[in-house]
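Here's the structure, in structure tokens; my notes come after.
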2 protein chains.
Amino acid sequence: MSRVVTIRTVAERAGCSIATVSRVINGSARTSAEVEARVRAAVEELGFRPSEIGRSLKTLRTRTLGVVIPSLTNPVFAASVAGMEAEARRRHHTLLLTATDYDAAREPEVVETLVAQSVAGLVLTVADADDNPTLDRLDAEGIPYVLVYNEPRRAERAAVSVDNAGATFTLAQAMIAQGHRRLVYLAGRFATSDRARTRYLGYLAAMEAAGLAPEPPLELDYLADPAGHGAAIAGVFGPPGRPTAALCSNDLLALSVMGALRVLGLRVPEDVSVAGFDGIALAGAAFPALATVDTPTRRMGERAVEKIFELLDGAAAPTLERLPFELRPGGTLAAAPDASPGAPARRQDDARPSQSASPETPSE
Amino acid sequence: MSRVVTIRTVAERAGCSIATVSRVINGSARTSAEVEARVRAAVEELGFRPSEIGRSLKTLRTRTLGVVIPSLTNPVFAASVAGMEAEARRRHHTLLLTATDYDAAREPEVVETLVAQSVAGLVLTVADADDNPTLDRLDAEGIPYVLVYNEPRRAERAAVSVDNAGATFTLAQAMIAQGHRRLVYLAGRFATSDRARTRYLGYLAAMEAAGLAPEPPLELDYLADPAGHGAAIAGVFGPPGRPTAALCSNDLLALSVMGALRVLGLRVPEDVSVAGFDGIALAGAAFPALATVDTPTRRMGERAVEKIFELLDGAAAPTLERLPFELRPGGTLAAAPDASPGAPARRQDDARPSQSASPETPSE
DNA sequence: CTGTTAGCGCATTCAA
DNA sequence: TTGAATGCGCTAACAG
């Protein structure tokens, strides 16, 4: 139905062979101006569009890039996919998009699907970039891929990321500088994100560098189980002697944690400071604005696609590449409640107070 | 390189013909248990995965859906694409994703690209669903498609949308009920969004129903020209007798307008009330929370993909389908500054139209 | 400069 | 139940 006009139709109309039509279309060889004009006319009249399928079958290569991300609902990935799309389009390629919904078990099948489509390469963010049979398989089959946000230990694994541990180290340091001594690290399930794990290392390092006692990470299933999430937060921040700062593995989690803290009657940042990671727009729009690590989300996607083409062209060997990040200050990060007033406690008061935080603020 | 093992390899390993392998894989015909076992073993050992390309060339149909959206950076579309992806995956299909960056001129080429890939169908949000040569071409070629958020006048054009005009009418009514009499409608460029145009009709209707004088829409190029955007806002809200309410064609614009108003020293909602459209998370996170129309963004995408399959199966004729929306109250919508604290001003006694703006000028 | 021809990987018809 | 053969739309190697 949709594909009634083929290269053969055009050849008949132009009164030449299909090879010549192909040559004109692809400019793969010289043709006489006369024939070329006839062919172009025929193409125009018939509205002919060469089938990528036929072309691919011959070439065994498509103009398609496979993309695997945890979820489009997370603005981090939406932005990086937007970058990929723009860069791919610039190179006359299209994206085949799939999501795993943060389920590592789904990685093999989506990659299978993509590979079955003969994608030219893959761009993916996986749960674990080191222990990953799916990537092993891609390596074995020589299918080029670039990871995004993952930081594989193996140097031969191409990746575009940020210094996850380093950035978190810096962020934790900033919190400590504000007088916080009991910082907790909150994350989604480690099994679904090696970034969360790597960032925890940054937290550990900062705590140790400051001579503070690090605490085990709190893994929250905030996506699948919002209720249990609130309960877990209550368990940590409810009791006296609670932490004064929450370092979250990503912005979405941080926002969710802020909500849970408010439900507990705790004020941010007066009672508890909060910080995130990623630098999504949502973080800046929140009130108070979320302190976070600003990562070049869109650029990451662009760069990943550039890199895939470098691999395809054999122009470069796969490497781990870290893009620059920046600490983004925000109202959610303030001096610790028990910090001495001499400390650089600063909080802009230009914004009006949100209705009423619970009157009885347990300040201890 | 990547495609070393074909159906032929499997056939040799299993000691049978490629036809038999095909039969086993697709269950298209009965085979003896013995041969089937051998084939499955060979498939397993070789890690064989049938090439979608080969299959498609034969079938002339792929398991791929083409998607065209203005931009992934707008959370509305990110969410709806997330819905499409989930629904497509459920049906063993993949998405070929493209974006136009709000440039209608790019629609023909991206659709061409998608069609050249022999997608099974298309899901798209276009600039103008009525006057659109690209859609005409799809109609002519009988390629099935479903529009999202567009509301084509032609009933034969399949679409999943909301009642854009109706929702805006309701929202404008809510503003009027708060005592606002000078409402302006702000939009991105109409040329890039028929939704913005349709929503304006809702504004018009509400103004007329209330006996108020509607104003011409203010088209802002807030994406391409943030600076000019601020200046335009200043032009409208700077002078005395300024409007007390801004009805924006979408949430992203509304957020941007809020920022521009603050730069002018105007408070939201004390000086100016603001409302948006879409119901993105960003709107709820903003402070004050943005009053808006909550639309089922993700569900729209899911439903669109369901609908594409209904069309493909011939199970249904293309229709325009409107999903329910909901008014989402927010702190940005409050009583008009000059409204009497008593009852919502309905002004049916006052015959004089636009004369009366707020005589009390700003109090910065 | 142009035409003929041989596959690319697969599903499918036709025989056996 | 199975195998051989055909062709989907196209590119590329080879003749002419």
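From a predicted model like this one, the values you see are computed outputs, not experimental measurements. Every chain is numbered from 1 and lettered A, B, ... according to where its sequence line falls, protein lines coming before strand lines. Excluded from the calculations below are hydrogen atoms, water molecules and symmetry mates; all remaining heavy atoms, backbone and side chain alike, are included.
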Under-4.0 Å side-chain N/O to phosphate OP1/OP2 contact, [X] with [N]:
X	N	value
Arg55(A)	dT11(D)	yes
Ser32(A)	dT2(C)	yes
Ser51(A)	dG9(D)	no
Thr20(B)	dG3(D)	yes

Rounded to the nearest Å, what distance is computed from the [atom1] atom of residue [X] to the [atom2] atom of nucleotide [N]?
X	N	atom1	atom2	result
Ile18(A)	dC14(D)	CD1	C1'	14 Å
Glu12(B)	dC10(C)	CD	C1'	15 Å
Asn26(A)	dT11(D)	CG	C1'	8 Å
Glu34(A)	dC1(C)	CD	P	13 Å
Arg63(A)	dC10(D)	CZ	P	12 Å
Glu52(B)	dC8(C)	CD	P	19 Å
Arg8(B)	dC8(C)	CZ	C1'	9 Å
Arg61(B)	dA11(C)	CZ	P	15 Å

What contact category does [X] fall into here, base, sugar-phosphate, or nothing, at under 4.0 angstrom with non-hydrogen atoms?
X	answer
Val21(B)	nothing
Ile53(A)	nothing
Thr31(A)	sugar-phosphate

Return the nearest nucleotide to the side chain of [X]; candidates are [options].
X	options	value
Thr6(A)	dG3(D), dC10(D), dG9(C)	dC10(D)
Arg23(B)	dC10(D), dT2(D), dG9(C)	dT2(D)
Val35(A)	dT2(C), dG9(C), dT1(D)	dT2(C)
Phe48(A)	dG9(D), dC10(D), dT1(D)	dC10(D)

Nearest atoms (heavy-atom pairs only) where Ile308(B) meets Pro144(B):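 So the two residues come closest at CD1-O, 3.8 Å.
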Hey, are [Y] and [X] close enough side-chain-wise for a donor-acceptor pair under 3.5 Å?
X	Y	result
Glu321(A)	Ser161(A)	no
Thr20(B)	Ser17(B)	yes
Ser118(A)	Glu52(B)	no
Tyr145(A)	Arg157(A)	yes

5′-ward residue of the pair Ser22(A)/Ala29(B) relative to DNA chain D: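 Result: Ala29(B).
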I want to confirm an ordering. Mapping Lys58(B) and Ala33(B) to their closest nucleotides on DNA chain D, which one lands closer to the 5' end?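 That would be Ala33(B).
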More 5' along DNA chain C: Ala19(B) or Leu57(B), using each one's nearest nucleotide?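 So the residue in question is Leu57(B).
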Which of Asp136(A), Asp131(A), Asp130(A) passes salt bridge (Lys or Arg N to Asp or Glu O under 4.0 Å) with Arg154(A)? Answer is Asp136(A)
Establish whether the base of dG9(C) is bridged to the side chain of Arg49(B) by a donor-acceptor pair shorter than 3.5 Å.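 No, the side chain and the base share no sub-3.5 Å donor-acceptor pair.
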